[in-house]
Structures are given as structure tokens and as C-alpha cells.
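Note sheet for the following structure.
The figures here come from the full heavy-atom set of this structure, side chains too, leaving out hydrogens, waters and symmetry mates. Here is how names work: the chains are called A, B, and so on, in the same order as the sequence lines, proteins then strands, and each is numbered from 1. None of the values given here were measured: they were computed from a predicted structure.
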Amino acid sequence: MSENKKKSVLVNNPVVNMFRGNIGIVMVLILMCIIISFATDKFLTGTNIISVLRQISINTFIALGMTLVIILGHIDLSVGAIVAMSGTLTVGFIVNQGLPIWLAIVLGLLIGTATGFISGFVVSTFKVPAFIITMAMMNIASGIAYVYSGGQSTRITNEFFINIGTGYLFKVIPLPVVYMVILIAIFAFLLNKTKFGTYVYAIGGNREAARLSGVPIKKVEIIVFTLSGFLSAFAGLVLCSRMYSGQPSVGSGYELDAIAACVLGGTSMSGGKGRISGTVFGAIVIGIISNGLNLIGVSSYWQLIIKGLIIACAVLLDVQKGKLSGLKKKFVKKNA
Amino acid sequence: MGQTVLEMIGIKKSFSGIYALAGIDFSLEQGEVHALLGENGAGKSTLIKVLGGIYQPDEGTIKIQGKEVKINGVPAARENGIGIIHQEIVLVPYLTVAQNLFLGREIKTSIGTIDFKEQNRRAEEMIASLGVGIKADSVVETLTIAQQQMVEIVKAVSFNANIIVMDEPTSSLSNEEVEQLFQIIENLQKKQVSIIYISHRMEELFRISDRVTIIRDGKYVGTRKTSETNPNELVAMMVGRDLESFYARDYCDMEKAEVAMSVKGLTCDGTFEDVSFDVHKGEILGFSGLVGAGRSEIMESIFGARPYTKGEVYLKGEKVHFKNPMQAIKAGVALVPEDRKKQGLVLGNSVAFNMTLSSLRFYMNGIAISEKKRKAVIDEFSQKLRLKAASPDIEAGSLSGGNQQKVVLGKWLATKPEVLILDEPTRGVDVNAKFEIYTTINELAKQGIAIIMISSELPEIINMCDNVCVVRAGKLVGKLKKDELTQEEIMKYAAGGVE
């Protein structure tokens with residue numbers, strides 16, 4: 001009886017479930033941590049862990065939105081360019097146009113959000129592949145950033161603005177990490193507990209069945225891309241603040257890091273499957289790879305190669321995991 | 001007629017324990033057109049796939065020109081002179097007719113490039129020999145469906161096929177094109193090619209076939225010379241089976257029943273036209289007809305899943321026009337679609353997910369979904385429908401067909417419908433689950449839900465429905481009351497040819 005109870009507590013415990021559901025990526029993570037901490041004693045220190053969390057925060061913001069987009073069965077390539085555009089414009093509005101900070105921030109976020117909205121609108125209304133339309137949006141957003149700034153980076157020294165990305169909560173926890181935790185909580189709630197989240201899975205899993213079940217496909221698609229745009233704009237804001245400047249050249253390749261985090265976390269590129277916790281683990285793995293390699297002193301050129309290999313291996317492992325459990329089922333059936 | 005070119009003896013084929021073919025005999029003589037007739041699911045396509053090398057029979061022998069052969073793949077079928085014209089065209093749309101005809105066996109010049117000139121010349125020859133009017137250098141995409149089909153036939157003949165199977169070749173052709181096809185069939189006959197012709201259309205069979213073989217439930221029923229039979233006999237052979245005893249039905253008192261939904265002159269250009277009917281509270285209204293007659297399309301239009309151009313729908317006396325399924329669901333209309341895997345379920349998600357997908361609005365606590373309310377509904381319907389699932393958290397795709405169908409049914413019942421449209425509710429479902437689904441449908445009707453049931457299974461229509469509408473080629477061609485319902489009567493309307 002008590003044994004059973006214990007078991008059911010374990011089964012129903014969301015934290016346990018979270019690890020169980022992401023077993024592949026968690027194993028990779030633990031393995032990496034062990035290897036790196038043998039190689040360097042600077043890795044498992046409080047300051048380093050906090051610094052890793054701060055480093056992954058930007059990618060996590062973007063990857064949260066990307067998770068929804070990919071579960072929906074689409075992809076958003078415009079995120080990196082939105083980071084650059086929103087950041088450059090926000091800083092520019094403050095420094096060049098002299099707008100009040102709050103207004104500049106709101107405008108910056110709004111423009112990024114609008115870009116996502118447009119992608120979502122076009123994808124859902126005209127049935128254009130998201131790959132194409134978001135690639136177009138990537139060029140447009142990136143172009144806007146360069147045209148506005150003339151290719152120059154704009155320095156900003158305003159204390160309030162700088163504090164957004166570099167400040168601390170209780171003098172220990174970096175603010176970007178705080179945002180990250182809040183956003184993870186919000187998105188996990190959205191995806192798991194609301195009608196909206198259920199609809200995202202339904203559309204990605206079987207679009208026709210979702211349509212016939214009364215799921216408002218167009219609305220959900222637009223909201224998802226809009227959220228992705230908003231999160232990218234927010235990432236742009238935090239990034240600028242941390243760099244004390246708005247630079248049109250930042251953000252390139254961010255879309256790939258975000259997609260990598262999703263895929264590492266078990267989100268299916270064909271849609272319908274994925275979870276926020278997986279993406280967060282994915283982002284952590286990517287963050288720890290560069291952090292660990294930096295600490296060990298591997299050159300950044302080699303880091304690229306190693307990063308690629310680890311991502312490929314992790315995904316292969318995940319695919320094999322599915323096959324293994326399938327084999328196991330067969331075996332059990334045979335014996336039974 | 002000449003000698004026997006093909007003999008299939010005692011062909012058996014089962015899929016996971018269920019016989020699709022339970023001993024079929026079939027023979028084909030040289031130069032004859034032999035029609036293969038049977039209801040949907042009778043085993044026609046399976047038999048053709050065995051002949052085409054796509055399936056291997058479990059038992060039975062196939063003899064060609066008197067010699068026993070094993071057809072263990074598509075190339076083997078081709079070597080044995082068998083050509084199959086499938087319902088779907090399998091040509092490369094952007095290549096020319098000649099390129100398609102010689103795909104994979106291109107004629108080369110001395111330096112190894114493709115000899116287009118020679119290919120075109122040979123293609124023209126092949127086409128002309130069958131009396132087809134198509135240019136060898138036209139791009140396939142620009143041809144009509146009928147012309148593409150003819151290219152397929154030319155292609156089959158070019159592989160020296162002397163047995164050609166045509167699977168419902170006229171299903172997407174106009175009358176004129178059908179005539180052209182018949183002309184080609186006659187030309188083929190002159191060349192001593194034998195043809196197996198699958199079609200539901202009585203009038204066609206009587207025009208072009210020499211013999212007809214009827215199969216039912218995977219079993220051989222009989223073979224008749226076309227000149228010595230009549231449509232009524234064929235229909236009786238096709239459907240004649242024992243009435244099964246498991247239909248539970250307490251008929252509705254039609255005199256007292258209120259009209260729940262009324263459809264007037266519903267039209268969607270090119271798909272269906274002028275469809276009018278009433279369905280009453282507690283009534284089960286059957287929709288019978290052949291596959292492709294437009295039954296599903298009519299229902300999807302009512303449900304808002306497909307637009308319609310003309311006509312009105314009234315729900316409890318009020319005019320409604322649903323722009324999307326969501327509106328229909330909120331108004332109390334539910335549609336259990338025909339294909340549960342493609343349209344009914346998100347297979348990779350859980351039973352609980354699927355069962356509550358359409359009715360989430362009932363379980364909201366603010367913006368969050370209340371798991372408690374949700375679970376109550378899942379428990380309720382799992383019990384009512386006798387769903388056999390290890391847990392509501394397992395993937396819907398891992399359930400058996402019958403249990404999957406119960407999940408879909410549960411999903412729609414959870415929306416609390418007043419009008420429930422069922423499209424082939426028992427397709428691909430085992431006997432036990434069938435019985436349970438019938439019982440549930442009867443219960444629902446007793447509760448006063450108006451039910452529309454599309455079904456291609458005549459026994460089900462006859463034993464469950466109060467009234468039946470028969471659809472043929474997008475039109476309501478007959479309305480029958482429950483005491484007029486016989487399989488022959490329904491098939492007469494559905495297949496046409498007999499008035």
C-alpha cells in the first residue's frame with residue numbers, strides 16, 4: 001500500500017516527470033558536466049553556473065517561441081534579425097531621437113511583435129511555407145536595422161536602460177535569468193494548461209483533425225508567430241542593454257541556436273511533439289558546451305566543430321532512444 | 001472465346017488475422033472483358049493487388065497461360081504480362097507523353113544521350129495503334145484526366161501486357177470520355193488483350209463486359225455471362241447476406257418527433273446540388289450511396305468544413321450558415337468524420353487529449369483548463385462507450401480501430417450535440433466494437449439527439465435507420481422509409497441503371 005502510494009507520488013510528480021520525459025537530453029547534460037568538471041575545477045562553481053545561466057538566457061527567450069512554432073509544424077527564421085532590428089531601433093530611438101526610454105522600449109517591442117504578426121498572418125492566410133516567408137522577413141528586418149543605423153553601432157550609457165540587462169536581483173541573480181525563469185513558467189503554463197496550448201499540439205499533430213474539431217487554426221498560428229516575434233524583440237532589448245549598444249550585426253545565427261535547442265529538447269521538426277522543459281534543457285546543453293570549452297581553453301574555431309558534433313550525437317541518441325523502446329516492446333510481446 | 005489466360009484458384013489473404021480474401025476463384029479468357037463486382041470492402045482491390053504483385057497471397061495458386069507462377073513483386077507482374085491501371089494516375093506531370101512511356105528504358109543514341117526523335121516516333125506508333133488521339137510530345141500535365149488515363153493504358157500495352165486491369169476507370173470521366181475509353185477497350189480486345197474491369201456502374205458493365213464475377217466479404221459468389229443476367233440478379237448477389245442480429249434499435253415515433261435540422265436546396269457547384277431533407281429529434285436518418293457520390297461533402301458543408309454556394313440550413317427553425325466547424329460545434333452540431341486517422345484523431349497525442357479537444361470550453365477555470373472537470377468527462381464517456389484503453393494517457397494511435405473510433409465518438413459526444421452526423425461510423429471496426437457502437441447510437445437517438453448516419457454498409461443502414469436518403473452523383477435520388485428498406489431497393493437507386 002505505502003509502496004504503491006510512493007510509486008504514484010513519483011509518477012505524478014511533475015519534476016520527476018520532467019526529467020523522465022527528457023531522459024536523453026538529461027543524460028547528455030550530466031555526462032557533459034562530469035567530463036567538463038574533471039577537465040577544469042572552475043566549472044562547478046556558483047559564479048560560473050550563474051554566468052552560464054545568464055549566457056543562455058537570450059537563446060532561451062527565442063527558443064521558447066521557436067518551440068511553439070515548431071510544434072505547430074512551422075519554422076521561424078526571422079528571429080535573429082528581429083533581435084538585431086528591435087535592439088538597434090530601441091537604442092536609436094533613445095540616443096538619436098531622444099524618445100523617453102519607456103516609449104522607445106515599447107516601440108522596439110511592438111515593431112518586433114508586428115514582424116512576427118505579419119509572418120503569422122501571411123503563413124496562415126495565404127498558406128505560404130513559413131520557411132520562405134520568415135526568410136523574407138529575416139532579410140527585411142535585418143535590412144531595416146542596417147538602413148536605420150547606417151551599419152554603425154550606437155552606444156548607450158543610460159543607467160536605467162543598462163540595468164535591464166546587467167542588473168541583479170538580490171545582488172546575486174542576474175536580471176536576464178529572472179526574466180528567463182518567469183518566461184519559462186508562463187510558456188510552460190500556456191502550452192500545458194490552456195486551450196491555446198492544446199490547440200498548438202492539435203494543429204501540429206493533425207491539422208485536418210484539428211480543423212474538423214473546431215480549432216481556430218488561423219488565430220492560433222498568428223498568435224504563435226506573434227509571440228515568437230515578441231520574444232525575439234525582448235531578447236534584442238536585453239542583449240543591447242548588456243552590450244551597452246545597439247548593433248545591427250548581432251543576432252545572425254540565433255535562429256539556428258534556437259532551433260538546435262528545440263531539437264535537442266526533443267521537439268519534432270514535423271510538428272505535434274515537444275515541450276518547454278525539453279527546450280530549456282536543450283538551451284542549457286548548448287550553453288554548457290561553449291562555456292565548458294571556453295574554460296578548458298579550446299579555440300573558438302574548434303568549438304564550432306565540437307558543438308556541431310555534440311548536437312548531431314545528441315539528436316542521434318534521441319532517435320535511437322525511440323527505436324530502443326520500440327524494440328523493447330517487441331521483445332516483451334514476443335516473450336509474453 | 002479463346003483459351004484461359006489467367007486462373008486464380010482459392011486465393012486467400014489475411015491481414016492480422018482477418019481475411020480480406022477467403023478463397024477467391026477467378027478466371028480470365030483471352031480477349032474478354034471480365035467485370036469484377038462487389039461492395040466496398042468486398043476484396044476487389046486486395047485481389048487486384050495480389051495479381052499486381054503488391055500483396056503475396058497466403059494460399060492459392062495463380063496460373064498464367066496454364067503455367068503456375070509466383071508474382072512476388074511489381075516487376076514480376078509486368079514480366080507475366082499484367083498491367084494495372086490504378087484509379088490515381090501515376091505519370092510524371094512535367095514530362096512529355098513519350099518521355100513517360102519510355103521512363104526507365106530510354107532509347108539511347110550512339111553517344112549515350114536520349115534519342116528523343118526515335119522515342120517520339122515510337123510513341124506515336126504505340127498511341128496510333130490503339131486509336132488514341134494524343135500527341136507524343138505534349139506535356140502530360142496539359143492533358144485531361146481521361147487522356148492521361150489513356151497514356152497509362154498505352155504504357156501498359158507497351159510492356160506487352162496481355163492482361164490489363166482497370167480499377168474504376170470511369171470514376172472521373174465525362175460521358176464523352178467514357179465513350180472514348182470504351183473504344184480503346186474494343187481496340188484492345190481486337191488485339192486479343194484480356195481486360196479485368198472494376199466498376200460499380202451497372203450500365204457500363206452491361207455495355208462492355210462479357211462476363212461478371214461477383215465477390216462478397218472476400219468470398220467468391222459466382223460468375224455470370226453478362227448476356228444472361230440482369231442488374232437485379234447482380235445486385236442480389238452483391239449484397240445478399242444474412243441480416244446480422246446485433247442491431248439494437250428502438251425506432252423513433254416519426255409522427256411526434258420535432259424537426260431538429262432542415263436542409264433546403266443545398267448546392268455546391270460541381271460536387272452536389274439541390275439537397276433537401278429534414279432530420280427529426282430521435283431519428284436516425286441514413287445516407288446511402290456509393291463512395292464518391294458526395295455524401296461526405298454534403299455533411300462537411302452543413303458542418304462548416306467546406307463552403308456551399310446555394311441553399312439554406314435551419315437548426316430548430318432558425319437559419320444558420322456555419323463558416324467553420326467551431327460555429328457548428330457551438331450551435332450543437334457534431335460530425336464524426338469518415339477517416340479517423342486522417343480527420344478524427346491526433347494519433348500521437350493521448351486519449352484524454354483527443355477526447356476533450358472539441359469541448360475544451362466546458363472545462364475552463366479562467367484561462368486554465370481544469371484537469372478535474374476534464375477527467376470527469378473522460379471517465380464518463382470511457383465508461384459509456386466501453387472504451388478499452390490502459391489509461392487515458394496512452395497514445396490514441398496505439399489503440400485498436402474500434403477503440404480509436406470510440407475515442408472519436410466520445411470527443412463529439414462531449415460537445416453535447418443536438419445533431420450528430422456520423423460518417424461511416426463502423427468502418428474498419430471489429431464486430432464487438434460494432435455492436436457497442438450501434439448500441440450507443442441507439443441510446444443517443446433515444447435521448448432525442450437527431451442522428452444522420454452515412455454508411456456504405458447496407459445491413460447497417462437497413463437495420464438502424466428510420467429513414468434513408470440515397471445519393472448518386474451529388475443528387476438525392478431517393479428517400480425511403482424504414483418499411484421500404486431492402487438492399488436491392490437501395491442499390492437500385494445508388495447504382496442507377498434500374499428505375
Side-chain angles (χ1 to χ4, degrees), chain A residues 7-8 11-12 14 17 20-21 70-73 124-125 185-221 223 266-275 322 325-326 329-330 332-333 336, chain B residues 296 299-300 303-306 322-331 333-350 352-371 374 391 393 395-398 407-408 411-412 414-415 421 423:
Chain A
K7 213 173 170 186
S8 81
V11 168
N12 294 326
N17 268 342
R20 193 193 306 255
I70 295 180
I71 293 176
L72 205 55
S124 65
T125 309
I186 291 175
F187 274 80
F189 174 80
L190 263 185
L191 203 51
N192 296 324
K193 297 286 174 205
T194 67
K195 230 173 14 176
F196 166 76
T198 311
Y199 287 168
V200 170
Y201 281 113
I203 296 171
N206 186 341
R207 207 181 160 85
E208 180 62 9
R211 187 176 77 95
L212 291 175
S213 301
V215 172
I217 294 184
K218 194 173 162 184
K219 199 163 112 188
V220 173
E221 279 185 337
I223 294 177
T267 306
S268 157
M269 287 303 281
S270 51
K273 280 207 156 32
R275 29 169 114 205
S325 69
K329 249 187 232 159
K330 251 188 206 165
V332 169
K333 242 188 206 165
Chain B
S296 306
M299 295 310 153
E300 282 178 12
F303 186 61
R306 157 197 286 275
F322 304 125
K323 300 276 188 317
N324 54 50
M326 200 183 2
Q327 291 178 352
I329 293 166
K330 283 192 177 153
V333 180
L335 181 136
V336 175
E338 183 178 8
D339 186 335
R340 63 177 160 268
K341 291 198 166 148
K342 280 196 192 131
Q343 305 171 301
L345 292 170
V346 185
L347 290 170
N349 283 74
S350 70
F353 179 97
N354 278 290
M355 234 181 189
T356 53
L357 182 59
S358 293
S359 51
L360 288 175
R361 65 197 166 103
F362 293 134
Y363 326 125
M364 302 310 287
N365 242 349
I367 60 162
I369 297 166
S370 154
E371 288 302 328
R374 198 171 170 182
S391 123
D393 298 323
E395 277 185 22
S398 68
V407 174
V408 183
K411 169 169 95 175
W412 288 106
T415 65
I421 306 171
D423 195 347

Flag side-chain contact, heavy atom, 4.5 Å: T198(A) against L357(B): yes

What part of K341(B) lies closer than 4.5 angstrom to a heavy atom of chain A: side chain, backbone, both or neither? backbone

Charged N-O contact under 4.0 Å between E208(A) and R211(A): yes

Chain B heavy atoms under 4.5 Å from F196(A): which part of the residue, side chain, backbone, both or neither? neither

Please state whether the side chain, the backbone, both or neither of K273(A) comes within less than 4.5 Å of a heavy atom of chain B. side chain

Shortest non-hydrogen pair, M355(B) vs V407(B), comes out as CG-O, 3.8 Å

So which part of F303(B) gets closer than 4.5 Å to some heavy atom of chain A, the side chain, the backbone, both or neither? side chain

Flag side-chain contact, heavy atom, 4.5 Å: L335(B) against W412(B): no

